[in-house]
Amino acid sequence: MGAAYIEQVHDVTRLVPAGRVTTYGAIADFLTLGSARMVGWALFNSIRADDIPAHRVVNRRGELSGRNHFATPGLMQEKLEAEGVVVQDDRVRDFDRLFWSPTELLHQ
DNA sequence: TCACTGACAAGGG
DNA sequence: ACCCTTGCCAGTG
């Protein structure tokens with residue numbers, strides 16, 4: 001996995017609407033390349049890029065598993081709450097309702 | 001080369 | 001809904 005793969009993950013992440021969340025696995029499925037772990041790895045390589053809404057990517061249970069990789073431990077939650085997403089115990093409330101899959105782009 | 005570690009996930013119990 | 005196992009695969013030492 002190289003720079004091209006990282007760019008693809010970043011591009012998909014940018015498509016996640018504000019106030020919605022997606023998962024590592026959903027992005028991996030959409031790309032049909034790499035794995036959920038690789039998506040996490042690609043996002044880790046996005047720390048410096050402020051224009052990537054990495055806070056909208058959570059694990060399959062809606063947990064903020066990436067929170068410790070943001071500038072501050074609370075930043076991921078703060079960004080989500082600024083978009084109206086309620087976080088409770090490091091987990092997105094109403095995750096099923098807020099989940100957004102990139103495959104929805106194909107159903108338009 | 002080997003072993004271990006993760007921003008993970010699916011399936012069973 | 002939780003716990004455990006298995007599969008996953010790039011980095012790291």
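First the proteins, then the strands, lettered A, B, ... as listed; each starts at 1. Computed over heavy atoms, backbone and side chain alike; hydrogens, waters and symmetry mates excluded.
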Trainee: Give every residue pair that meets the salt bridge (Lys or Arg N to Asp or Glu O under 4.0 Å) criterion with at least one member in residues 55-70 of chain A, sequence neighbours excluded.
Mentor: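 Of all non-adjacent pairs touching residues 55-70 of chain A, those that pass salt bridge (Lys or Arg N to Asp or Glu O under 4.0 Å) are A:Arg56-A:Glu83, A:Arg61-A:Glu63, A:Arg67-A:Asp90.
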
Trainee: Find out if a path of hydrophobic residues (ILVMFWY) with successive side-chain heavy-atom gaps under 4.5 Å connects A:Val87 to A:Phe95.
Mentor: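 A:Val87 clusters together with A:Phe95.
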
Trainee: Looking across every strand, which nucleic acid part, if any, lies under 4.0 Å from A:Ala54 by heavy atom: base, sugar-phosphate, or nothing?
Mentor: base

Trainee: Measure across A:Tyr24 and A:Gly66 and return the closest heavy-atom pair with its distance rounded to 0.1 Å.
Mentor: OH-N, 3.9 Å

Trainee: Can you tell me how far C1' in C:dT12 sits from the matching atom in B:dT1, rounded to whole Å?
Mentor: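 Comparing C1' positions in C:dT12 and B:dT1 gives a spacing of 13 Å.
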
Trainee: Look up atom CE in A:Met1 and atom CE in A:Met38, then write down how far apart they are to the nearest 0.5 Å.
Mentor: 7.0 Å

Trainee: Taking heavy atoms of chain A and a 4.0 Å limit, find me the 5'-most and 3'-most nucleotide of DNA chain C within that range.
Mentor: C:dC2 to C:dG11

Trainee: For the CG atom of A:Asn68 and the CZ atom of A:Phe70, what is their distance to the nearest 0.5 Å?
Mentor: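 Between atom CG of A:Asn68 and atom CZ of A:Phe70 there are 10.0 Å.
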
Trainee: What does the list of N/O pairs under 3.5 Å between the protein and nucleotides 9-13 of chain B look like, with a distance for each?
Mentor:
unit_1	atom_1	unit_2	atom_2	d
B:dA9	OP1	A:Tyr24	N	3.3
B:dA9	OP1	A:Gly25	N	2.9
B:dA9	OP2	A:Arg60	N	2.7
B:dA10	N7	A:Arg60	NH1	2.8
B:dA10	N7	A:Arg60	NH2	2.8
B:dG11	O6	A:Arg60	NH2	3.3

Trainee: Determine the minimum heavy-atom distance between A:Gln8 and A:Leu31, stating which atoms define it.
Mentor: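 Looks like OE1-CD2, 3.8 Å.
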
Trainee: Starting at CZ of A:Arg67 and ending at C1' of B:dA7, how long is that distance when rounded to a whole Å?
Mentor: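 The distance from CZ of A:Arg67 to C1' of B:dA7 comes to 10 Å, rounded to the nearest Å.
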
Trainee: How are the rings of A:Trp41 and A:Tyr5 set relative to one another: parallel (under 30°), tilted (30 to 60°) or perpendicular (over 60°)?
Mentor: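 Taking A:Tyr5 first and then A:Trp41, their aromatic rings lie parallel (interplane angle under 30°).
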
Trainee: I need the CG-C1' distance between A:Asn45 and B:dG6, as an integer number of Å.
Mentor: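 Taking atom C1' of B:dG6 as the reference, CG of A:Asn45 is at 13 Å.
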
Trainee: I'd like the C1' distance from C:dC8 over to B:dG6, given in whole Å.
Mentor: 11 Å

Trainee: For residues A:Ile52 and A:Arg14, determine if any side-chain heavy atom of one lies less than 4.5 Å from a side-chain heavy atom of the other.
Mentor: yes

